[in-house]
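Along the sequence shown, the residues carry numbers beginning at 1.
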Amino acid sequence: AIVSLLFAGSVFAGCPSKTINGKVVSFDEESKTLTVAQGKKEKKVQVGSKTKMEGFECPTKLEAGARVSIDGCNCKNKVATKVSVAKGKKKAS
């Protein structure tokens, strides 16, 4: 049982299991990719047609530096289920 748990952990290594909190770096409309900085690291997440957006209507409206939270990004397709603008911080225009 322990070996199978260790194997399962290694299969999912590198997958974001927690909410991604960071600042918007950019959004590429063509590939629908949102780039978010977490400290010195950058994460790229796909925004799909079923991605729920809270605090803004369209990712193109997000300003660079706006603080966002990204939920539900899985390993297989890296498409977020929800992107929300952090309250009390720089908002999307």
Once you round to the nearest 0.5 Å, how far does NZ of Lys43 lie from CD of Gln38? 5.0 Å

Would you check if the side chain of Thr33 reaches a backbone N or O of Asp28 as a donor-acceptor pair within less than 3.5 Å? no

Testing Val83, Ile70, Asp71, Leu34 one by one against Ile20 for a side-chain contact (heavy atoms from CB on, under 4.5 Å), which residue passes? Ile70

Holding to side-chain hydrogen bond (donor to acceptor under 3.5 Å, both in side chains), I want the full list of residues that pass it with Thr35, two or more places apart in sequence or in another chain. Lys44

Nearest atoms (heavy-atom pairs only) where Met53 meets Val47: CE-CG1, 4.3 Å

Does the side chain of Val36 reach to within under 4.5 Å of the side chain of Val45, using non-hydrogen atoms? no

Indicate yes or no for a side-chain donor-acceptor contact from Gln46 to the backbone of Ser31 under 3.5 Å, with no hydrogens or angles considered. yes

Nearest-0.5 Å distance that lies between atom OG1 in Thr81 and atom NZ in Lys50: 12.0 Å

I'd like to know if Leu62 and Val25 are part of one continuous hydrophobic network [Ile/Leu/Val/Met/Phe/Trp/Tyr, side-chain heavy atoms within less than 4.5 Å]. no

So, using side-chain hydrogen bond (donor to acceptor under 3.5 Å, both in side chains) as the criterion, who are the partners of Ser69 when residues are at least two apart? Asn21

